[in-house]
Amino acid sequence: MLLFGMAGPAPAQDNVGQQPSARQQLQHIHTPQSIDQELARLTKDLELTPKQQQQVQPLLQEHHDKIQALLDKNPKSSRHELAPQIHAISDETHHEIHALLTDHQKELEKAMQQREHNGQENRQSAQ
């Protein structure tokens, strides 16, 4: 599951010295509103119950806070440089959310992951 669309690889750039910082690259998708958008997307795609929504929202907030702290601590680092830490934070959040799902929702999650995987392959092949 790609939380906030950040788990994908950073776009390749020829001018490595000119690469924008991770903060610059992520600021438009890493906002407090993105938490609500992600919760709405997960609610729709995974058919989350109101109780599950209450459990997932703080996990998404924690994910956001950890990523923000990482960006604050490394203001000049590129997205590529921070990718391992961002992946680790996203993986941890994914596992916490996965543990809250019913068997039916886990099947929906698999389908969602497959759609996201296919979408990434299509975007990469178009570059």
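- Once rounded to the nearest 0.5 Å, the distance linking CG of Asp36 with CZ of Arg41 reads 14.0 Å.
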Trace of the side chain to side chain donor-acceptor pair (under 3.5 Å) decision for His64 with Glu38: CA-CA 11 Å; His64 174 274; Glu38 183 66 7; over 6 Å; no
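- Shown are Ile97, Leu108, Leu101; of these, the side chain to side chain contact (heavy atoms under 4.5 Å, CB included) with Leu42 is made only by Ile97.
- In this view, Gln105 and Gln52, Thr102 satisfy the side-chain hydrogen bond (donor to acceptor under 3.5 Å, both in side chains) rule, not counting sequence neighbours.
- Side-chain contact between His94 and Gln113 is present, with heavy atoms from C-beta onward closer than 4.5 Å.
- The CG atom of Leu82 sits 9.0 Å away from the CD1 atom of Ile89 when rounded to the nearest 0.5 Å.
- Not counting sequence neighbours, the partners of Gln114 by the side chain to side chain contact (heavy atoms under 4.5 Å, CB included) test are His117, Asn118.
- Considering only residues two or more places apart in sequence or on other chains, Lys110 meets the salt bridge (charged side-chain N to carboxylate O under 4.0 Å, His left out) condition with Glu107.
- Taken to the nearest 0.5 Å, the CD1 atom of Ile67 stands 9.5 Å off from the CD atom of Gln85.
- To the nearest 0.5 angstrom, Leu39 atom CG is 10.5 Å from Gln54 atom CD.
- The structure places CG of Leu60 at 11.5 Å from CD of Gln37, a figure rounded to the nearest 0.5 Å.
- Take Lys51 and apply the side chain to side chain contact (heavy atoms under 4.5 Å, CB included) test, not counting sequence neighbours, and it matches Thr49, Gln55.
- In this view, Glu62 and Leu59, Lys66, Glu96 satisfy the side chain to side chain contact (heavy atoms under 4.5 Å, CB included) rule, not counting sequence neighbours.
- Between the CD1 atom in Ile86 and the NE2 atom in His63 there is a gap of 8.5 Å [rounded to 0.5 Å].
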